[in-house]
J.: 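First the structure, then my questions, so here it is.
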Amino acid sequence: LVSLRQQIPTIFTCDTELKKRLLQVISSHADRKFVFVIPPYHPSFYESLTNPGAIHDFLNLLRSYPNVRVLDFGMVPLA
């Protein structure tokens, strides 16, 4: 899988309609906490990622809501 990932670039995409619906749910339920957990990824994922800024922008958008917590373990070493 690692060698395959190194050969094929990874592109983060975010469906505009789904993002709109998610943000609407978050904002309309200010009394609830939303926790998003990003699991650890193998370093080859980040090496093949062509637009890492898009992921950071999306996570920062989520973090901008006071009732959202993002636990990002994506860069935590696997071993």
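Scope of the values below: all heavy atoms of this structure, side chains included, with no hydrogens, waters or symmetry mates.
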J.: Between atom OH of Tyr46 and atom CE of Met75, what is the distance when rounded to the nearest 0.5 Å?
T.: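 With rounding to 0.5 Å, OH (Tyr46) is 6.0 Å from CE (Met75).
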J.: How would you list, by chain and number, every residue that makes a ring-ring contact (aromatic ring centres under 6.0 Å, His included) with Phe45, sequence neighbours excluded?
T.: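 Checked Phe45 against ring-ring contact (aromatic ring centres under 6.0 Å, His included); matches are Tyr41.
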J.: Do Pro52 and Ile55 come within less than 4.5 Å of each other through their side chains, counting heavy atoms only?
T.: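 The answer is no; the side chains never approach within 4.5 Å.
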J.: With Ser27, which residues qualify under side-chain hydrogen bond (donor to acceptor under 3.5 Å, both in side chains), at least two apart?
T.: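 Ser27 satisfies side-chain hydrogen bond (donor to acceptor under 3.5 Å, both in side chains) with no other residue.
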J.: List the atom pairs, donor and acceptor, that lie under 3.5 Å between side-chain atoms in residues 8-25 and the rest of the protein, sequence neighbours left out.
T.:
unit_1 : atom_1 : unit_2 : atom_2 : d
Thr10  : OG1    : Ser48  : OG     : 2.9
Asp15  : OD1    : Glu17  : N      : 3.0
Asp15  : OD1    : Leu18  : N      : 2.9

J.: Drop me the distance from Phe36's CZ to Leu59's CG, to the nearest 0.5 angstrom.
T.: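 Spacing of CZ (Phe36) from CG (Leu59) equals 9.5 Å.
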J.: Which side-chain N or O atoms in residues 61-68 pair as donor and acceptor under 3.5 Å with protein atoms at least two apart or in another chain?
T.:
unit_1 : atom_1 : unit_2 : atom_2 : d
Arg63  : NH1    : Asn60  : OD1    : 3.0
Ser64  : OG     : Leu61  : O      : 2.5
Asn67  : ND2    : Ile26  : O      : 3.1
Asn67  : ND2    : His29  : O      : 3.1
Asn67  : ND2    : Arg32  : O      : 3.1

J.: For a 4.5 angstrom cut-off between non-hydrogen side-chain atoms, does Ile38 reach Leu71?
T.: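 Counting from C-beta outward, Ile38 and Leu71 never come under 4.5 Å.
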